[in-house]
Structures are given as C-alpha cells and as structure tokens.
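Read the numbers this way: they start at 1 and go in the same order the structure lists the ligands and their atoms.
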Amino acid sequence: MRLLLVEDEIDIQSFLRRSLEEAGYEVGIAADGKTAQQLAVDGAFDILVVDLGLPDMDGIDLILKLRQRGVRAPVLILSARRSVDDRVRGLEQGGDDYLTKPFALAELLARLRNLFKRNSPSPAEATKLRVLDLELDLLRREATRAGRTLQLTQQEFVLLEYLCRNAGRVVTRSMILDQVWGIRIQTDTNVVDVHIYRLRGKVDGAGQQPLIRTMRGVGYVLRDR
Ligand code: CA
C-alpha cells in the first residue's frame with residue numbers, strides 16, 4: 001500500500017516514515033506543498049497523510065488543489081491545530097479524517113486502516129470496472145464495450161485496466177511503463193504508443209465514441225464522460 005506523507009518537521013517525518021514502513025506501507029515523502037502536488041498527481045498513492053502548516057502553502061489549500069487535479073485517495077490530516085473550527089474546516093474541505101498532534105502512533109495506524117477500508121470497494125464490486133459503456137470483468141479477464149466482447153491480449157487487458165482505474169485522468173507514458181510493464185527508467189522506445197494504438201483499434205470500434213484520447217506530448221486519458 002502506497003502512502004504519501006506530507007510533513008515538513010524533520011523529526012516527525014523520519015519517525016513516521018520508519019513507523020509506517022514497519023507497518024508495511026510504501027512511503028513517499030514531501031516536505032512542502034509543491035513537491036506533494038507533483039508526487040501525488042504522478043504517484044498513484046492509496047492514502048495521504050497531510051500536515052497543515054507547510055512552508056509554502058496551507059495544507060487545506062494543498063488538499064483542495066489535489067482534489068481539483070483528480071487525486072481521489074483518502075486524506076488524513078495530521079495537525080497541531082486543535083480547535084473545532086480547524087477540524088471542521090479540514091474535514092469539509094477534502095480531508096477524510098483529522099488527527100491532532102501530539103498523536104499516538106497506534107491511533108494513527110488504526111485510523112489509516114479504517115480510512116482504507118472505508119474507501120475500498122467490497123469484493124463483489126471490486127471484480128468489475130465500468131467506464132461509460134466499457135466493462136472489465138477482473139476475474140474472468142474479459143472486457144466488453146456496449147456488450148461486445150473485446151479480443152484483448154493479456155498485456156492489453158492490463159493496460160486497459162490501468163486506464164480504467166485512472167479514467168478521466170491523464171496518465172503519462174512513464175506512468176504506464178511503470179505501472180503496466182514495471183519499468184521505472186525512461187526509455188526511448190515507443191512500446192506504450194504501439195500498445196495503445198492496437199488497444200484503441202479494439203476498444204474504439206467504427207461508429208463508436210472514441211474513448212482513448214491522446215494528449216499530445218503528455219500521455220493518454222480514458223474518457224469518463
Ligand atoms: Ca508543519
């Protein structure tokens with residue numbers, strides 16, 4: 001499970017990094033709002049822990065910006081601001097939970113587990129993905145568009161699943177390489193473009209609204225409306 005920790009206080013940051021890693025999280029770190037935005041938008045994190053007093057912006061503004069940019073992962077606010085007003089504001093403006101400092105590690109971990117559970121679909125829902133008239137059956141590894149079965153290779157299915165999970169968001173070539181092929185380095189090969197081209201030929205049939213859009217120079221997006 002990937003967690004992004006946004007915290008500028010070095011002591012808390014290193015304590016939390018160590019504790020969260022011991023608890024099994026893969027932890028990304030940002031010490032300011034600008035870095036947090038870059039990481040959160042590119043990184044496909046499952047959960048975010050956000051301090052409110054950041055050096056370059058207020059944590060609430062950061063959360064609002066992330067929501068505007070399509071980051072849907074649950075956010076736990078971790079802040080020294082203890083007033084009811086602060087807590088209500090944090091929860092109303094995109095935070096999913098609020099824990100005040102100083103905090104007990106056991107409580108933080110329990111709240112993270114709860115947040116994650118609350119935001120995970122039930123097993124029955126989790127076996128199907130739907131975007132407009134496109135449906136993926138994750139158990140049968142079958143994709144249909146408007147009821148018509150798509151003849152996809154295993155790799156194409158994984159690629160389409162990744163696009164569906166990020167529907168409405170632009171995914172870059174390097175995100176696709178990382179998430180679908182497990183390649184972290186930047187390569188000059190056009191492997192992604194070739195696979196997208198073939199996938200598009202199967203998904204976007206004649207007379208149908210094209211679902212896979214190219215964002216020139218950036219990447220691809222699967223339309224969700
Ligand atoms: Ca701070």
Open item on the list: Restricting to N, O or S atoms, which atom of D8 is closest to the Ca ion (ligand 1)?
Closed with: OD1

Task: R87 side chain to S79 side chain, donor-acceptor N/O pair below 3.5 angstrom - done: no

Task: Residue G53, metal the Ca ion (ligand 1), N/O/S under 3.0 Å - done: yes

Task: Atom name in D51, limited to N/O/S, at shortest distance from the Ca ion (ligand 1) - done: OD2

Open item on the list: I'd like to know if the side chain of D193 pairs up with that of Y220 as donor and acceptor (distance under 3.5 Å, no hydrogens or angles considered).
Closed with: yes

Task: Q13 side chain to R18 side chain, donor-acceptor N/O pair below 3.5 angstrom - done: no

Task: Residues D58, R81: salt bridge by 4.0 Å N-O rule - done: yes

